[in-house]
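From a predicted model like this one, the values you see are computed outputs, not experimental measurements.
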2 protein chains.
Amino acid sequence: MMKLAKELNLSVSTVSKALLDSYEISAATKQRVIELAKKYNYKPNPFASSLRKGKSKFIAVIIPEVNNNFFSMAMDGIQTLATEKGYDVLVYLTHESQSNEISVLDHLEISHVDGVIMSLCSQTLSFEHIENFNTESHLPLVFFDRIATLDSFPRVITNNYESAFQATMHLFSQKVKSPIYLYTSEWNYINKERHRGFKDAVIQNGLTFTDDFVIKCTEDSEINKSIIHDLLTSEKPPDAIFTSIEKLAINVYEVANELKVKIPDQLKVISFSNLRTASLLAPSLSTITQPAFEMGEQAAKMLFKMIEKKSYKNSNDIISIDSILYLRDSTKSN
Amino acid sequence: MMKLAKELNLSVSTVSKALLDSYEISAATKQRVIELAKKYNYKPNPFASSLRKGKSKFIAVIIPEVNNNFFSMAMDGIQTLATEKGYDVLVYLTHESQSNEISVLDHLEISHVDGVIMSLCSQTLSFEHIENFNTESHLPLVFFDRIATLDSFPRVITNNYESAFQATMHLFSQKVKSPIYLYTSEWNYINKERHRGFKDAVIQNGLTFTDDFVIKCTEDSEINKSIIHDLLTSEKPPDAIFTSIEKLAINVYEVANELKVKIPDQLKVISFSNLRTASLLAPSLSTITQPAFEMGEQAAKMLFKMIEKKSYKNSNDIISIDSILYLRDSTKSN
DNA sequence: CTGAAAGCGCTTACAG
DNA sequence: CTGAAAGCGCTTACAG
């Protein structure tokens, strides 16, 4: 910049203003500056301007994992909007570990991003680290899907209650007598909502709801498979399994294959899932598919609104986008 | 920092050095500084230090898409190493468009990341933008999988030739007479390598290799399905299809389902793929699975070596990690 | 072992 | 319309 200024016999201030297209600068000067900048392929230093302006044009995305269709599609949605708005996206993976989640937030406190979009790991049930982060950093923060149930943050969710309800009703319509709901890890917001929908549908079908209808799994596939194995070889195996996540549905398929339990004849399966190959599985898997891309997009949209308007303190909006129920062979009654 | 300095009756320089654990500072002073910093929850401004040091502790990852098991697993590998090394990761998606690729690189020229890891989009056949980027930015740049065939850059690849050769030999061992190789979009490095392996195996089995054995597809699923449809309903449909990417294999399954073509009896299918559900498809899909996580890890390892040693100009190393051939039902002979 | 000073490369309030 | 000056918050070569 100094170089440009010298060569053009202008001050650094004028050059800076010209490059920022300031109304203070004459058209002629602007043109001279821009031309020379082009000639020298001059690029302003973003750290200097970030330092000066206190804005980085970076946003952070914190997700449990990226090798998961839901989160990778959501990230795609976020990226799309960020690119449009001229923001760069920093990605942090927590690998479903709350201690990682905490260290990422600690790190972000000093990293001067302009805002954060986050989906919690499934073990996260307490939110002190979120609140601490908020009071320390005062950064705009938007949750999506696995949200913190704190009023102070805007969030993008899907209709977990209704879709779980509908999926369970569908199972009963397919002559299911005793359905089981499998969920991972912890009694977090999402599982609670889905569980409510499941429970209400069970009750609506005249059954007495008991704890046997709900089984908690883990993050470890092998353990989950042995849980499912025990369940399917028990005295009273269920007619149907409804899983909270894709991975569990895959585990159910694997164990059913091993045990030669026929899906859907002996066991119906439905799951929350964004698997692209759901329709190609043997048998094709009935799914509740979350609008991942749109959820990411909406979360980004909210975040940028907050960043630009600086009105984030009271913007505790909630956006809910409906999931879609895809009924396939895994829940078909003969 | 000024605040700390004042309260401790020290200079800003001393405080800065104390926080950086400089050998110049006495243990006692260090302790006082660190304690007060903790009390005030002081966080240094990374832009200021980046500006001063000319290092950002950011790396950029440029990939065609994230909603793809190969790339998301590779990203996971990169992230893992970056976290270890204390780097933050900026992610850029090109959506398989070379013009996006160019604008990302243009943008990175000014964004002062410390290094770049990149996998090209499939249409990218010319590398001027890569060379321009290199001469403009002089940033360490590592390629993985979809590499630029330029000697000046280190790269992490897999044994495309050998695995394509083996997969094709396997097809012949399953009584295949006329196999076809489907690839997407462009005649890039990867497709060339795989094609060579395919071709050599075909010739080794006594066939005369002709262009009919190779069909170019697109990025558009619908068009690909119609190409596959035409192929399977042609006068002489192939006994087997070998696809360069997962999506094409899925398209083959979809079309075969529509046409009631039985896999593997009438048509054998094998594909490069990192699909987790390959073994649950109907029928289970034989795959060549690339070591995605490890490739990402190795690419990151090379990048950090270059960043730390600043010897990147002549480090045109090539790391190759073998893929694994998973033989499943889609290539089984009766 | 500590500190004063320069400087990283910008932006902006202010003066003219 | 242009420019001088201060300052964003650090780090580091240098002096003592």
Hey, could you give me each pair passing side chain to side chain donor-acceptor pair (under 3.5 Å) that has a residue in residues 112-121 of chain B? Not counting sequence neighbours. B:Ser56-B:Asp114
B:Ile102: side-chain contact (heavy atoms from CB on, under 4.5 Å) partners, not counting sequence neighbours: B:Gln98, B:Asp106, B:His129
With salt bridge (Lys or Arg N to Asp or Glu O under 4.0 Å) as the rule and sequence neighbours excluded, what pairs involving residues 89-104 of chain B come up? B:Glu96-B:Arg146
Could you give the side-chain donor-acceptor pairs of residues 290-297 of chain A under 3.5 Å, partners two or more places apart or in another chain?
{"residue": "A:Gln290", "atom": "OE1", "partner": "A:Arg194", "partner atom": "NH2", "Å": "3.4"}

In terms of relative ring orientation, are B:Phe143 and B:Phe153 parallel, tilted or perpendicular, with 30° and 60° separating the classes? perpendicular
Atom CZ of B:Phe47 and atom P of D:dG9 are separated, to the nearest Å, by 12 Å
Give B:Lys3 one of three labels, base, sugar-phosphate or nothing, depending on what nucleic acid heavy atoms sit under 4.0 Å from its own. nothing
What pairs with B:Lys3 under salt bridge (charged side-chain N to carboxylate O under 4.0 Å, His left out), at least two apart in sequence or on another chain? none
Using only side-chain N and O atoms of B:Tyr23, determine if any of them is under 4.0 Å from OP1 or OP2 of C:dT2. no
Pairing stems for DNA chain D [at least three consecutive pairs; Watson-Crick or G-U; under 3.5 angstrom]: C:1-3 with D:14-16, C:5-12 with D:5-12, C:14-16 with D:1-3
Give, ordered by number, those residues of residues 26-39 of chain A having at least one heavy-atom distance below 4.0 Å to an atom of DNA chain D; if nothing qualifies, reply none. A:Ser26, A:Thr29
Would you please name every residue forming a salt bridge (charged side-chain N to carboxylate O under 4.0 Å, His left out) with A:Lys85, sequence neighbours left out? A:Glu308
With sequence neighbours left out, the residues meeting side-chain contact (heavy atoms from CB on, under 4.5 Å) with A:Val104 are A:Ile62, A:Tyr92, A:Leu108
What one-letter contact string describes nucleotides 3-8 of chain D from 5' to 3', where B marks a base within less than 4.0 Å of any protein heavy atom, S marks contact via sugar-phosphate atoms alone, and - marks no contact? BBBBBB
Between C1' on D:dC10 and NE2 on A:His112, what's the gap in Å once rounded to a whole number? 11 Å
Please list all pairs meeting side chain to side chain donor-acceptor pair (under 3.5 Å) that have one or both residues in residues 16-25 of chain B, counting only residues at least two apart or in different chains. B:Asp21-B:Lys30
Please enumerate all residues that pass side chain to side chain donor-acceptor pair (under 3.5 Å) together with B:Ser99, with sequence neighbours excluded. B:Ser97
Which word best sums up how the rings of A:Phe58 and B:Phe58 line up, parallel for under 30°, tilted for 30 to 60°, or perpendicular for over 60°? perpendicular
Write down the distance between CG (B:Leu19) and C1' (C:dT2), rounded to a whole number of angstrom. 15 Å
